[in-house]
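Have a look at the structure below before the remarks.
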Amino acid sequence: MDKKLVLIDGNSIAYRAFFALPLLNNDKGIHTNAIYGFTTMLQKILEEERPTHILVAFDAGKTTFRHSTYKEYKGGRQKTPPELSEQFPYIRELLDAYGIARYEIENYEADDIIGTLSLTAEKDGYEVKVISGDKDLTQLSSDKTTVCITKKGITDTEVYTPKHIEEKWGITPNRIIDMKGLMGDSSDNIPGVPGVGEKTAIKLLKQFQTIENLLESIDEVSGKKLQEKLEENKQQAIMSKELATILREAPVDVKLDEIEYKENDQNKLKELFKELGFNSLLEKMGEGVEEEQQELQEITYEILDKLEREHFADQNSLFIEILEDNYHLAEIIGMSLHNENGTYYFSLETALNSPAFKEWAEDERASKNVFDSKLSVVSLNRHGIDLKGIEFDLLLASYILNPSDSGDDFASIARRHHQPAIQTDESVYGKGAKQKVPEEKIVAEHLARKAKSLYTLEKTCVEELKKNDQYELFTELELPLALILAEMEYTGVKVDTGRLKEMKTELAERLQEMEIKIHELAGESFNINSPKQLGVILFEKLELPVIKKTKTGYSTSADVLEKLQSKHEIIDYILRYRQLGKLQSTYLEGLLKVVHENTDKIHTRFNQALTQTGRLSSIDPNLQNIPIRLEEGRKIRQAFVPSHEGWVMFAADYSQIELRVLAHIANDEKLIDAFKNNLDIHTKTAMDVFGVSKDEVTSNMRRQAKAVNFGIVYGISDYGLSQSLGITRKEAGEFIKRYLESFPGVKEYMDEIVQDAKQKGFVTTLLHRRRYLPEITSRNFNLRSFAERTAMNTPIQGSAADIIKKAMIEMAERLKTENLQSKLLLQVHDELIFEAPKEEIEKLKEIVPEVMENALELKVPLKVDYSYGPTWYDAK
DNA sequence: GATCACGCGG
DNA sequence: CATACCCGCGTGATCT
């Protein structure tokens, strides 16, 4: 078999990995990003190259023989960050576990080890691959040796063969040292010849081949200035070349047959991966799942076929299992109960046939602890059981403690709180098409574990909530809200399916016509819905200018198409086709698919434990993104109607809630004044930013000011604003500067919140919701910037979410105490939608704004607008 | 089944 | 050296 040697520049790859990846932490607080990157790169090389021999070379000490030539060598380099240094021992351990040789020699660099070994190997007839992040190594390239230099990422490399080098620079690999000698290398602090860069160096080498030749005939060089420079720096050029030259006869005392790659030590690797928390890699090794099963502890429980009063106690945890995620449709597959008397499993049928169950479930005073109260309430409600007395909800508690722990999987929550292991639902039930209910015993045991875990977790979580000053957020806000959401979902929204079908038929016809027209204009038939095919038509066939690219091809997004509008007639048709196609597929067809047959109602599910800011989200269908901005889409809302004859849809929304929240938390005097005086905030912003009087504000100025206000709320960047206004980044930056000068309180807030987040590691909302931002200290510009913007935005968006949630709770209470029939149906972030009997309209006009505006007292008034009509469309 | 581009909402 | 404002969900195309 052919012999293949892979030589890896260990330091260089570790550095690359460290800077390319976010600063990952494992559960012991060790940083692991460089180790992880190094590992994935190794895996890839082992798989793709299948080397027979392999070695990783490291730099040894601080100084090398090069320092005796030039003591400034590698001077001015940043010290290795401690977060990286601490990872090197693990990388060594990792290599040992892989059974990969590693090597370093005092006084020499990894480069020299690689240079020496590659030469030896070439002579022995090996094929050699060198892997590094340092382009210096390309000088080793030959017909037997290929050099791979990592690109942006770590697993992506650029391959340097002599041919490639010739094409790229027009020189042979052995002239790279001359090139370096002339142009220098700032990263290694090699001086070179001042004023000579890559272009000049290559030009000179093409003429003279080597530095030595060149220096002998400096007078033949064109350009007086250049001649002088070369003359002045003769010695420096020769020294630089020497510094850049990789030694090919370093005192390397490893023989090639000692670095043969045989196999890794599976056990050692697994142990190491486990310690580091590399679960994805463990899984690749067929671990992980099996691992968890091993740790399962014995549990004693009873399968009941009749529930009696004595099965219940003062404190109980109740777990309800549903397989498919839509609990409005799917059936309960089993339930479990744990309390001081024991752990029990029972089927839905058993529960329904036991009067004691219903009696207990509906008893307000019987305390229950559940995993997902909304699911529990709705799923039992469908069987005529009105679940009451819920005092704890693990899903919500866990979400409040840390919204980024996505959470819907019980096993992961249990693990996070150091509970005895529970199998993942996926491992018990399977997933996707293969999902099924296993035999009862298996389900029973799984659920028994959950109920038991739930029972003990209440205490842990409550303690933690109290410690974080979030207990009130849990008991007074999220938990009561869950019950309100349950009712909203269960009530559902009535839909005029006839109207939807009518619109669908009409649209189908129009789309058909437009499709023909577009194909005609394109001169061929293609799938307009395929960005890929559309890109080919527009940018290749019709040769329209390419404005933007995505990573997979041409961008055909609306903002790109709008820029092409004047260039070709087809663009308008495509934009229109897209717009109508969206309405057709997502809204008309989409909504019709989820209407319940007998009732003509839609029952969405609000996810209360998902968003990072505290907002709700809505799925199956998403009723928080029904069109409104364009008239044609807005008409969809005509199909949302009250569920009773003679009722109306009543909608109330907060005006500028996020900017009001900003005024409050930033405590910005000018912004507070503006809201107190009920000014048009965008006009006011325009006045301040542009320094004009109210009458001088043009509509364009107001539009720009509005975009700035949006940007401020989002955690502004000059890029983002420039995109939304179609101006240059510089101009956008100027706007932002002027805004922050106009509203100094806002500027102070933005600066302080970022500092605060860096120090604490999280930001909070008015009602103590938290969002952790570990990446705010990252060295990676993107990650850090993102975290900084998030730090600015989350308290604003999250506090607004807190406010409307509080309003919902008070609104529900108010409807009850006032004995009203009106029902809350939907929440759309800053808006509440009710259905109401006509007779109650006057009452709602009074109490809805009152409740919403007084949900929380801020330094500025909250303002609510409302409206009503026979359909949601008319409530505008 | 997963991922991407795109577009709808606040 | 390129990056690229917040928070979401659903669709169709495409690749595996």
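Quick note on labels: first sequence line is chain A, next is B, and so on, each numbered from 1.
In this structure, A:S617 reaches the C:dC9 phosphate: one of its side-chain N or O atoms is under 4.0 Å from OP1 or OP2. Between A:R729 and the phosphate of C:dA4, there is no side-chain N or O to OP1/OP2 separation shorter than 4.0 Å. Taking only side-chain nitrogens and oxygens, A:S530 comes nearer than 4.0 Å to OP1 or OP2 of C:dT14. Neither OP1 nor OP2 of C:dG12 sits under 4.0 Å from any side-chain N or O of A:K532. In terms of phosphate contacts, A:Q584 brings no side-chain nitrogen or oxygen within less than 4.0 Å of OP1 or OP2 of C:dT11. Between A:S557 and B:dA5 there is no side-chain N or O to OP1 or OP2 distance below 4.0 Å. Dashed line: the shortest gap from a side-chain N or O of A:S555 to OP1 or OP2 of B:dC6 is under 4.0 Å. Contact annotation: A:S717 reaches the phosphate of C:dC5 (side-chain N/O to OP1 or OP2, under 4.0 Å). The side chain of A:T556 places an N or O atom within less than 4.0 Å of a non-bridging phosphate oxygen (OP1 or OP2) of B:dC6.
In this structure, A:Y714 forms no aromatic stack with the base of C:dC5, since the conditions of centre separation below 5.5 Å and plane angle below 30° are not both met.
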* To do: Report the C-alpha distance between A:D802 and A:K806 in whole Å, list the side-chain angles of each, state the deciding distance to 0.1 Å, and finish with yes or no for salt bridge (Lys or Arg N to Asp or Glu O under 4.0 Å).
  => CA-CA 6 Å; A:D802 292 347; A:K806 188 144 181 283; over 6 Å; no
* After noting the C-alpha distance and the side-chain angles of A:N782 and A:S785, does the key distance pass the side-chain hydrogen bond (donor to acceptor under 3.5 Å, both in side chains) rule? -> CA-CA 5 Å; A:N782 282 327; A:S785 306; 5.7 Å; no
* A:D559 and A:S557: side-chain hydrogen bond (donor to acceptor under 3.5 Å, both in side chains), yes or no, with the steps? -> CA-CA 6 Å; A:D559 59 314; A:S557 60; 2.6 Å; yes
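In this structure, the CG atom of A:N527 is 17 Å from the P atom of B:dA5, given to the nearest Å. What separates CG of A:N607 from P of B:dG10 is a distance of 20 Å, to the nearest Å. The distance from atom CD1 of A:I619 to atom P of C:dT11 is 12 Å, rounded to the nearest whole Å. Distance A:R789 CZ to C:dA4 C1': 7 Å, rounded to the nearest Å. In this structure, NE2 of A:H829 is placed 13 Å from P of C:dC7, rounded to the nearest angstrom. Remark: P of C:dC5 and CD1 of A:I796 are 17 Å apart, rounded to the nearest angstrom. Atom OH in A:Y654 sits roughly 23 Å away from atom P in B:dG9 (whole-Å rounding).
Within the 4.0 angstrom heavy-atom criterion, only backbone atoms of the sugar-phosphate kind lie near A:F786; the bases stay farther away. Across all strands shown, A:Q723 has no heavy atoms under 4.0 Å from either base or sugar-phosphate atoms. Residue A:E831 is classed as having no contact, given no heavy-atom separation below 4.0 Å to the nucleic acid.
Residue side chain A:R629 reaches the base of B:dG10 through a donor-acceptor N/O pair under 3.5 Å, judged by distance alone. Checked by distance alone, A:R615 brings a side-chain donor or acceptor within 3.5 Å of a matching partner on the base of B:dG10. The base of C:dC6 sits with one of its N or O atoms less than 3.5 Å from a complementary donor or acceptor on the side chain of A:Q797. Judged by distance alone, with hydrogens and angles left aside, A:T613 brings no side-chain donor or acceptor close enough to the base of C:dC6 to form a pair under 3.5 Å. Put simply, the side chain of A:N625 and the base of B:dC8 share a donor and an acceptor less than 3.5 Å apart.
In summary, the aromatic rings of A:Y739 and A:F735 are positioned with their centroids too far apart to meet the 6.0 Å limit.
Remark: the separation of the P atoms in B:dG10 and C:dC5 is 23 Å, to the nearest Å. For the P atoms, the distance from C:dA4 to B:dC4 is 14 Å, rounded to whole Å.
Using a 4.0 Å cut-off between charged nitrogen and carboxylate oxygen, A:R605 and A:E324 do not count as a salt-bridge pair.
Evaluated for a side chain to side chain contact (heavy atoms under 4.5 Å, CB included) with A:F834, the options A:L825, A:L826, A:V848 yield exactly one hit, A:V848.
Minimum atom distance to the side chain of A:A558 is reached by B:dG7, of the listed C:dG8, B:dG7, C:dC5. The A:D620 side chain lies nearest to C:dG10 when the options are C:dG8, B:dA5, C:dG10.
Minimum interatomic distance between A:V763 and A:A757 (heavy atoms only, all atoms of both residues): CG1-CB, 3.7 Å.
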